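Working notes for the structure below.
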Amino acid sequence: MILQKKYSHVIVLGIDGAGSFIKDADTPNFDRIFSDGAVTYGALASNPSISAECWGSMLLGVGPEVHKLTNSIVSAEPYPSDSPFPSLFRRIREAYPDAELGSYCDWNPITYGIVENNIGVSHDTANDDVLVDIICEYILDKKPKFLFIQFDSVDGAGHKHGYGTAEHLKRIGEVDGLVNKVYTAAENAEIIDDTLFIVIADHGGTNPGNGEGGSHGGWTDAEKYVTFAAAGKGVSHTRIEEMNIRDLAAIVLYAFGIGLPVFDEAGWTSQIPEGLFSDVNISPYRDISHLTGAAPRVSKIAHTSELI
Ligand SMILES: [Zn+2]
């Protein structure tokens, strides 16, 4: 059932391993794009703070204790098209059968292992600096309804040098330029006025301070707090007080006027953060902190192709 549609387009740009460190980096484009939008550097990652667990939560609207995806699973197994926890792509496809949908991720296991492979999702993969131009062409050519992007190089810099180090922040600044390219492409495609534009990180990471490089998977502040930012008509100019990265799923469905699944602690736990939209009909936000009990484990896997 389609409720009132708020946007014709949603672009989600994920920056792997950026955590909350965007606030410490030189990001003039991010600052400009979200100057009238909603921003938080305290969105809560999924536990453990590892890529598949976190991107899975965002795209499925359920926690890792429910979806049970890990990096090795999403790298090896296509996401089942009959899962009781369909991806955002499948939910949007069912509501809008002819819509153009795209998933463009440097770390391709997201597209392979978290998105159903048989529902007509356009996709490609390459290193961030190459992928961005492919994405911009795609936006201009197809004006996608839903576009999900993941850039991986910031996580690579964190694994190599430590998260929050000068090198990690420098790479965030460079990826800020890629964010601008994507945003500008949506402007040039003349869809930006009807687009909900989101930047989100999956997790942060540690800095051991000995030049050894960082890791993530645990539940320290540097790992678990991440950036979320939204811009578009109807988005409040606010600092979001409380949200979880899995709320991305509810936000995207809301934007497209697709009814949210029933909240269920054994399933769908994605909610619309209070204050994000100037819509008084949004349900009060529930505390789900007791659900983030999955055992932390440390990821030393540097999955960016830059490090291979
Ligand atoms: Zn990650």
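Only heavy atoms go into these numbers, but all of them, side chains included; no hydrogens, no water, no symmetry mates. Read the numbers this way: they start at 1 and go in the same order the structure lists the ligands and their atoms. Keep in mind that this is a model prediction, so the values were computed, not measured.
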Checking ring pair (Phe, Tyr, Trp, His ring centres under 6.0 Å) for the pair Tyr183/Phe197: CA distance, chi angles, key distance, verdict?
CA-CA 8 Å; Tyr183 190 83; Phe197 191 83; 5.0 Å; yes
Verdict with reasoning, Ile191 to Asp194, per side-chain contact (heavy atoms from CB on, under 4.5 Å)
CA-CA 6 Å; Ile191 60 172; Asp194 200 10; 5.9 Å; no
Taking the six-membered ring where the residue is Trp, are the ring centres of Tyr7 and Phe256 under 6.0 Å apart?
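Ring centres of Phe256 and Tyr7 not closer than 6.0 Å.
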Check whether the ring centres of Tyr104 and Phe148 lie less than 6.0 Å apart, and answer yes or no.
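No; Phe148 has its ring centre 6.0 Å or more from that of Tyr104.
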So, [X] and the Zn ion (ligand 1): N/O/S under 2.8 Å, yes or no?
X: Asp152; answer: no
X: Asp16; answer: yes
X: Ser51; answer: yes
X: His203; answer: yes

Atom nearest to the Zn ion (ligand 1) - Asp202, N, O or S atoms considered
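Result for Asp202 and the Zn ion (ligand 1): OD2.
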Using distance alone, with no hydrogens and no angle criterion, decide if Asp128 and Ser153 have a side-chain donor and acceptor under 3.5 Å apart.
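Yes, because at least one side-chain N or O of Asp128 sits under 3.5 Å from a partner of the opposite role on Ser153.
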